[in-house]
Peer 1: 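Submitted below is the structure of interest, expressed as structure tokens.
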2 protein chains.
Amino acid sequence: MKRPTIADVARRAGVSKGAVSYALNGLPGVSEATRQRILAIAAEIGFNPSSAARALSGASAEAVGLALCRPARTLGIEPFFMELISGVEAELAARSYALTLQMVADQEAEIAVYRRWWGERRVDGVLVCDLRTGDRRVPVLEELGLPAVVIGGPGGTGRLASVWSDDAAALMEAVEYLVALGHQRIARVGGLPDLRHTEIRTEAFTRVCRRLGLADAVTVPSDYTGEEGARATRRLLSSPARPSAVIYDNDVMAIAGLSVAQEMGLIVPADLSIVAWDDSPLCRLVHPPLTALGRDIPAYGAHAARRLLAVIGGAAAGAVQDEPAHLTPRGSTAPPRGR
Amino acid sequence: MKRPTIADVARRAGVSKGAVSYALNGLPGVSEATRQRILAIAAEIGFNPSSAARALSGASAEAVGLALCRPARTLGIEPFFMELISGVEAELAARSYALTLQMVADQEAEIAVYRRWWGERRVDGVLVCDLRTGDRRVPVLEELGLPAVVIGGPGGTGRLASVWSDDAAALMEAVEYLVALGHQRIARVGGLPDLRHTEIRTEAFTRVCRRLGLADAVTVPSDYTGEEGARATRRLLSSPARPSAVIYDNDVMAIAGLSVAQEMGLIVPADLSIVAWDDSPLCRLVHPPLTALGRDIPAYGAHAARRLLAVIGGAAAGAVQDEPAHLTPRGSTAPPRGR
DNA sequence: CTGAAAGCGCTTACAG
DNA sequence: CTGAAAGCGCTTACAG
């Protein structure tokens, strides 16, 4: 089952390999009649140019890399990444780019993967997730000259291109909404503390609470898992100054928090209001459905992929803003009891 | 920022390019001293052989493909695929194989992707998910000669290699457990009807219920989404002969079913017992936590990847069985009220 | 044990 | 508008 090469097409068409290449790539240099004949023959014998040969002769790898640094079992449960990948993929597929995926254990391993990919010319560029404060990947990517788009920020992305969403604004919207409902004691269960967007959210939370005159605006750090979300919730609900509303940095922790509240005999939303980030179908599955801060994650991924393709094509780097998350009120938020 | 090539290493080491190639690939043909010197220089200047050049000169693409045929927004919510991918990836990364991922709209598009990948020599083999009855991908893959491992079965995989898990046995275990608790009216909310494993489960469910003398052992077909799971549950719980236990074909539908039951004022598990397939962290997030049929999905993915690498290496095809799912009883199952 | 050379399948100046 | 040829960076027989 020999796979056809450009030489097979050329022979059948009675032209040179060069002519076939021009025809296939839509370049001038062949007459329209010849081009059509060549295309027909290529389609007929099922010819697809070898990606390796194309990559080797100066063209690009036609592939983009994505390294994910989360433990296998945690990754699955958060819809965020799969939705992001879906969006990235949709955009890439439309331009016949492949997506190369790799799981890594930590930032050092991720940096090693970038070095290898670049050296092997396996990818034309990479998408960088989970930006951290003082991220070590940024200077390496800059030094390598590997086209990259950071999904996150703003800030901390060095000279790399980035796509970001205004988490601070979204968080403020949520807090203002809760205050409008009458809440005065609002807590937050945050994501991994060294992620850049956690830092941004924490800072925004502190700021807006101070502005609105809320006391005890505490953020409990966590790690996005249900276990940690449950633990943090238990601690918050057991404290003397129990919050009447909690904002969670992801959907999984919010759902875990809901379960804990129910376990402890609290009625949501009468005794406790809950707001989740990352509005996903999960938020609508539980009872009551969760009020959530959400945005179109596949579109966010597609946006990042588009930016990366542009950067690979030589476009200037720079931070581009994606739409901010917006609040969708559902059954998990209400005025606090006794108001 | 020119990336070093094998010629750079050869020049620095004062040997031929061939010698560098032998040294790097651990082949005989260079003395140990020379090999060490070459390796040191390669490491020093950060040389990585071009994957395109390697692929072109007869070697393999060192990449494996995975096409996923689910709508973007559905994919995210089911932890199954991300866990599977994690396992696949872990296995591939250990052998320096890349994973190329592509989303496709339907089977025809998936087949086109396989043809293209193979023609482009972009992948050395593929992993095939969501086996259907009379799956059109199987004959195409056979004809192409593209090394493949089907994740699913048994049966319907033609001459392709496969890795499967005994869903029939797992389902029977769940039904027997419910019957032991005293349940007589058990229903099931099934997955997409034309998936091979849905068919296997449905057939097993019918068989075991007949054997145990259960009447009304109805399976309501569904599509794995929370909405459909909720709808199916509402219908089941509104029927005159309301089931006292429901088995769901995935975790998402089970959680949706739990919410519906609570909405309708039923107590789980006193009024309704719930069993979920695909035991994921989600099952432990809700209240009560769900009794579930689960297995190690990352390990399943790793197993499939190992098989694929073996098949690429020339191993014989054949169906290999992975461990069956086992039942983990939690708070969502109990003897029916009034017994 | 080592070197020189052909070849993988494309792309792309360079001549006609 | 078309053809012949070099070259991308490796691997791998084939000579020494």
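Naming: A, B, ... by sequence-line order, numbering from 1 per chain.
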Peer 1: If the cut-off is 4.0 Å, is Thr34(B) near the phosphate of dC1(C), judged by side-chain N/O to OP1 or OP2?
Peer 2: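 No, outside the criterion.
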Peer 1: Rounded to the nearest 0.5 Å, how far does CG of Leu56(A) lie from OG of Ser51(B)?
Peer 2: 9.5 Å
Peer 1: Could you tell me how far apart Leu56(A) (CG) and dC10(D) (C1') are, to the nearest whole angstrom?
Peer 2: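 From Leu56(A) CG to dC10(D) C1': 7 Å.
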Peer 1: I need the CD-P distance between Glu32(B) and dC1(C), as an integer number of Å.
Peer 2: 9 Å
Peer 1: Tell me: CZ of Arg3(A) to C1' of dC8(C), nearest whole Å?
Peer 2: 12 Å
Peer 1: To the nearest 0.5 Å, what is the distance between CD on Glu91(B) and CG on Leu308(B)?
Peer 2: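 With rounding to 0.5 Å, CD (Glu91(B)) is 10.5 Å from CG (Leu308(B)).
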Peer 1: Output yes when a side-chain donor or acceptor of Arg115(B) lies under 3.5 Å from a complementary backbone atom of Val140(B), and no otherwise.
Peer 2: no
Peer 1: Please confirm whether the shortest side-chain N or O distance from Ser31(A) to OP1 or OP2 of dT2(D) is below 4.0 Å.
Peer 2: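 Checking Ser31(A) against dT2(D): at least one side-chain N or O falls below 4.0 Å of OP1 or OP2.
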Peer 1: Starting at CD1 of Ile111(A), measure out to CD of Glu108(A) and round the result to the nearest 0.5 Å.
Peer 2: 4.5 Å
Peer 1: As a check on the pairing definition, encode DNA chain D in dot-bracket form, counting Watson-Crick and G-U wobble pairs whose two distances are under 3.5 Å, and using | for partners outside this strand.
Peer 2: |||.||||||||.|||
Peer 1: CG of Asp8(B) versus P of dG9(D): gap in Å, rounded?
Peer 2: 9 Å
Peer 1: To the nearest Å, give me how far apart CG (Asn48(A)) and C1' (dT11(C)) are.
Peer 2: 17 Å
Peer 1: First locate atom CG of Leu131(A), then atom NE2 of His197(A), and finally report the distance between them rounded to the nearest 0.5 Å.
Peer 2: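 Here the interatomic distance stands at 10.0 Å.
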Peer 1: Under 3.5 Å between N/O atoms: give me all the protein pairs with nucleotides 3-6 of chain C, atom names plus distance.
Peer 2:
from, atom 1, to, atom 2, distance (Å)
dG3(C), OP2, Ser16(B), N, 3.3

Peer 1: How many Å lie between CG on Leu27(B) and P on dT2(C), as a whole number?
Peer 2: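 After rounding, the gap between these two atoms is 14 Å.
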Peer 1: Toward the 5' end of DNA chain C, which comes first, Gly119(B) or Pro28(B), by nearest nucleotide?
Peer 2: Pro28(B)
Peer 1: Please determine whether a side-chain nitrogen of the Lys or Arg among Glu323(A) and Arg295(A) lies less than 4.0 Å from a carboxylate oxygen of the Asp or Glu.
Peer 2: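 Salt bridge between Glu323(A) and Arg295(A), a charged N being under 4.0 Å from a carboxylate O: no.
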Peer 1: Is Asp135(A) salt-bridged to Arg132(A), cutoff N-O under 4.0 Å?
Peer 2: no
Peer 1: Measure CZ/Arg121(A) against P/dC8(D) and give the value in whole Å, please.
Peer 2: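 Roughly 11 Å, once rounded to whole Å.
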Peer 1: Nearest whole Å is fine: how far is dT11(D) C1' from Leu24(B) CG?
Peer 2: 12 Å
Peer 1: Does Thr5(B) make a side-chain N or O approach to OP1 or OP2 of dG9(D) shorter than 4.0 Å?
Peer 2: no
Peer 1: Look at Ser50(A) and dC8(C) and indicate whether a side-chain polar atom (N or O) is within less than 4.0 Å of OP1 or OP2.
Peer 2: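 So the side chain of Ser50(A) is outside the cut-off, no N or O lying under 4.0 Å from OP1 or OP2 of dC8(C).
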Peer 1: Using a strict 4.0 Å threshold on nitrogen-to-oxygen distance, state whether Glu62(B) and Arg54(B) make a salt bridge.
Peer 2: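 Salt bridge: no.
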Peer 1: State the CG-CG distance between Asp296(A) and Asp322(A), to the nearest 0.5 angstrom.
Peer 2: 8.5 Å
